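So that the names make sense, note that chain A is the first sequence line, chain B the second, and so on, each numbered from 1. Just so you know, these numbers come straight off a predicted model, no measurement behind them. Atom set for the values below is all heavy atoms of this structure, side chains included, hydrogens, waters and symmetry mates excluded.
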There are 2 protein chains.
Amino acid sequence: MTPHPRNGRAPSVKDVAAAAGVSLGTVSNVLNRPSVVSAATRERVERAMAELGFVRNESARQLRAGTSRALAYVMLDGGNPFFHDVAEGIETAAEAADLSLFVCNSNGRSDREAKHIDRLVQQRVQGILITPVDPDAGHLTEIAQRGIPFVLVDRFSRSGGHCSVAVDDVLGGRIAVEHLIDRGHRRVAFVGGPSSIGQVRERLQGARAVWAEFGMPEEDLIHLPTEAMTVNEGRSAGERLAGLPSRRRPTAAFCANDLLALGLLQHAVTAGLRVPDDLAIVGFDDIDFAAAAAVPLTSVRQPRQELGRTAARLVLDEATNPDHVHEQATFVPALVARASTGTVRR
Amino acid sequence: MTPHPRNGRAPSVKDVAAAAGVSLGTVSNVLNRPSVVSAATRERVERAMAELGFVRNESARQLRAGTSRALAYVMLDGGNPFFHDVAEGIETAAEAADLSLFVCNSNGRSDREAKHIDRLVQQRVQGILITPVDPDAGHLTEIAQRGIPFVLVDRFSRSGGHCSVAVDDVLGGRIAVEHLIDRGHRRVAFVGGPSSIGQVRERLQGARAVWAEFGMPEEDLIHLPTEAMTVNEGRSAGERLAGLPSRRRPTAAFCANDLLALGLLQHAVTAGLRVPDDLAIVGFDDIDFAAAAAVPLTSVRQPRQELGRTAARLVLDEATNPDHVHEQATFVPALVARASTGTVRR
DNA sequence: CACGCCGATTGAAACATTTCAAGTCCGTCC
DNA sequence: GGACGGACTTGAAATGTTTCAATCGGCGTG
């Protein structure tokens with residue numbers, strides 16, 4: 001409470017002990033096992049702590065304990081609200097377990113990701129949750145080798161050497177395209193890239209599978225590759241789409257995420273196309289902005305918060321349960337139909 | 001490198017020293033002052049570290065050093081991309097100073113904010129950057145009293161007892177409304193709330209000032225209060241706006257942030273209004289989604305990354321410079337005119 | 001040959017906390 | 001009155017790192 005001036009270091013248990021006239025072990029007991037301390041002493045110690053403005057030193061605590069009381073989530077793209085919602089889910093679970101959550105953002109850069117991981121390992125965090133730039137990168141397996149619990153979020157573990165949490169992206173691709181076929185579309189674009197992203201490949205794979213099952217000609221499902229999954233790239237895909245000769249031009253687009261879809265939507269509206277009549281659009285993720293777009297966006301919903309909560313649960317299990325077995329949690333995506341695919345095509 | 005099994009604790013400097021056949025002080029020298037160690041010894045030690053998979057224990061380091069190598073940013077609303085861009089700016093500066101950045105999200109909840117701050121103080125972070133729920137709350141002054149460098153971000157310090165970084169919100173309100181008057185609007189709505197938020201008050205104040213200067217009747221600048229600054233609230237403000245009798249209904253709206261503006265825009269489009277002809281809209285912040293909206297949004301731009309960079313600079317100055325004096329950095333907002341206010345009204 | 005110097009290395013102390021075996025004090029029971 | 005038990009408190013050890021004064025060994029100089 002008392003302003004403690006810049007005189008020197010922050011008060012420690014030792015100072016509190018001196019002020020309260022007890023041993024330092026007793027102060028520690030007040031902190032960690034209040035029930036074993038007599039009421040009178042406890043009160044005296046608590047008053048001393050308040051007076052000095054004592055705050056536990058987490059480093060010392062950690063040093064003694066050997067591990068920190070924190071989880072970490074390294075997210076792929078801070079600009080994509082999807083990852084925020086995932087982080088919220090993780091935070092909820094962390095809070096329930098009385099752990100802190102460090103949120104880091106690699107912003108798609110592998111070097112930044114590695115740097116963050118380095119620091120987290122140095123901090124001895126209890127576990128690392130990560131949506132990696134490249135799920136097969138070496139520094140990931142290194143984490144596991146160190147014995148640090150870790151979970152892939154929104155990515156699958158190919159090797160099975162650790163836990164992962166994701167939705168079934170192939171299925172997601174299927175339901176998106178089936179919805180479009182259902183609405184009467186016979187020429188559809190798949191917008192997304194780069195193909196190095198597993199998600200992009202799988203969503204496309206699902207799209208192609210259902211396309212073939214309905215007996216559509218392969219060349220009528222057109223892949224418009226993008227450099228990244230951003231609004232800007234979506235806009236540029238829109239330009240390319242508009243540039244196609246009209247007999248080849250798709251009447252609908254399935255975008256690998258909502259940012260692309262929003263960019264595409266914006267381009268379409270600017271170019272004077274009516275959505276969905278001239279161009280229907282389906283996104284992926286169902287971020288809040290999707291519902292809020294000027295033409296509310298049909299999207300494939302991922303249970304974002306639950307993804308996060310489950311990931312946190314798995315990493316905590318790995319951290320605390322000696323019989324832990326790695327688990328690949330898979331969620332089922334669901335189509336949320338809105339105005340951007342609203343009408344059945346004649 | 002070598003997978004170190006779950007046998008026990010992670011290797012420490014002591015283990016490295018033993019493996020390399022040197023004293024533990026030498027290992028520390030290799031880590032912190034490589035130049036004083038002979039090349040041969042250094043190499044031997046480095047090999048031992050690699051073999052054992054040694055990673056510095058940051059807690060011990062911190063304990064000894066008395067302070068951590070980290071800054072923290074407690075943001076107000078993880079769902080608002082504006083704060084992300086600010087965080088990016090901070091991270092850039094932190095990276096340059098070789099510090100970690102912990103990003104926390106209070107999500108507008110005072111209790112969560114307090115909890116985060118508690119943990120950060122326990123971690124002995126070097127400085128705290130915060131966009132607080134309430135800039136006058138007690139726990140903020142407590143931070144300062146503890147002697148922890150801290151900076152208000154996107155808020156002004158009323159007391160002047162600490163640094164702050166923000167744009168001139170009154171001016172922001174002025175240029176937004178002046179732009180609308182310029183476009184021929186004679187009845188304008190201000191959408192924003194709650195009034196407990198300083199920003200809302202100041203933007204409204206600027207709006208009113210310029211309104212009066214142009215000799216407009218006070219009652220033609222209508223305040224539509226909202227409960228929060230979200231897309232949803234923007235939509236609901238749209239409904240209220242549509243419900244006004246037509247002779248009272250504004251032809252333009254100035255929203256206290258872009259999320260509100262996007263919500264309002266969405267409602268307008270859904271309701272069949274043409275933007276900007278039936279309703280012109282100005283937002284605030286100029287987040288990326290503003291430009292990407294179906295009708296690109298005119299907005300008052302804040303230098304978001306620079307806000308973050310400056311805040312980081314100030315907190316570092318407070319942390320390292322004994323002659324530090326508190327500074328209220330003020331930036332000038334700029335209007336970015338786009339389609340949502342595109343035409344001059346007859 | 002003794003001396004001092006220099007570069008390289010060492011050992012011990014310090015940081016703040018937690019834990020735990022050992023200790024003290026007091027009352028009760030035989 | 002002495003022993004025992006229980007409630008409470010204590011002191012020391014341990015955690016991993018950094019720092020710094022001290023030491024060591026070798027070499028050149030007087």
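Ranked by how close their nearest DNA chain D nucleotide is to the 5' end, A:Leu63 and A:Arg44 are led by A:Arg44. Each of B:Arg124 and B:Ser23 was assigned the nucleotide of DNA chain C with the nearest heavy atom; the assignment lying further toward the 5' end belongs to B:Ser23. Where B:Gly21 and A:Arg33 each meet DNA chain C at their nearest nucleotide, the meeting point lying more 5' is that of B:Gly21. Nearest-nucleotide mapping onto DNA chain D: of B:Asn57 and A:Thr41, the residue sitting toward the 5' end is A:Thr41.
There is a side-chain donor-acceptor pair under 3.5 Å between A:His139 and A:Glu113. When only modelled atom types and interatomic distance are considered, B:Gln123 and B:Ser68 share no side-chain donor-acceptor pair under 3.5 Å.
You'll find that the side chain of B:Val37 is closest to C:dT9, out of C:dT9, D:dT9, C:dT18. Among the nucleotides C:dT9, D:dG16, D:dT10, the one closest to the side chain of B:Val36 is C:dT9. Listed nucleotides: C:dA16, D:dT17, D:dT19. Nearest to the side chain of B:Ser28: D:dT19. You'll find that the side chain of B:Ala60 is closest to D:dT17, out of D:dT17, D:dT19, C:dT10.
Rounded to a whole Å, the CD atom of A:Glu58 is 10 Å from the C1' atom of C:dT17. Here C:dA13 presents its P atom at 13 Å from CZ of B:Arg64, a figure rounded to the nearest Å. The NZ atom of A:Lys14 sits 15 Å away from the C1' atom of D:dT10 (whole-angstrom rounding). Rounded to an integer number of Å, the gap from A:Arg61 CZ to D:dG16 C1' is 18 Å. Atom CE of A:Met49 and atom C1' of C:dT17 are 14 Å apart (whole Å). Distance B:Asn29 CG to C:dG11 C1': 12 Å, rounded to the nearest Å. Distance CG (B:Leu31) to C1' (D:dT17): 9 Å, rounded to an integer number of Å. Whole-Å rounding puts the A:Asn32 CG to C:dT17 P distance at 11 Å.
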Assess whether salt bridge (Lys or Arg N to Asp or Glu O under 4.0 Å) is satisfied between B:Arg146 and B:Glu142, documenting all intermediate values.
-> CA-CA 6 Å; B:Arg146 285 237 150 65; B:Glu142 246 183 71; 3.8 Å; yes
Starting from the C-alpha separation in whole Å, work towards a yes-or-no answer on salt bridge (Lys or Arg N to Asp or Glu O under 4.0 Å) for B:Arg309 and B:Glu95.
-> CA-CA 11 Å; B:Arg309 278 200 303 273; B:Glu95 213 169 348; over 6 Å; no
Derivation of the salt bridge (Lys or Arg N to Asp or Glu O under 4.0 Å) call for B:Glu43 and B:Arg47 | CA-CA 6 Å; B:Glu43 209 204 320; B:Arg47 190 160 37 234; 3.3 Å; yes
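For D:dA7, the OP1/OP2 oxygens have no side-chain nitrogen or oxygen of A:Ser38 closer than 4.0 Å.
Note on A:Val27: nothing from the nucleic acid sits closer than 4.0 angstrom, heavy atoms only. Within the nucleic acid shown, A:Ser12 comes within 4.0 Å of sugar-phosphate atoms alone, with no base atom in reach, counting heavy atoms only.
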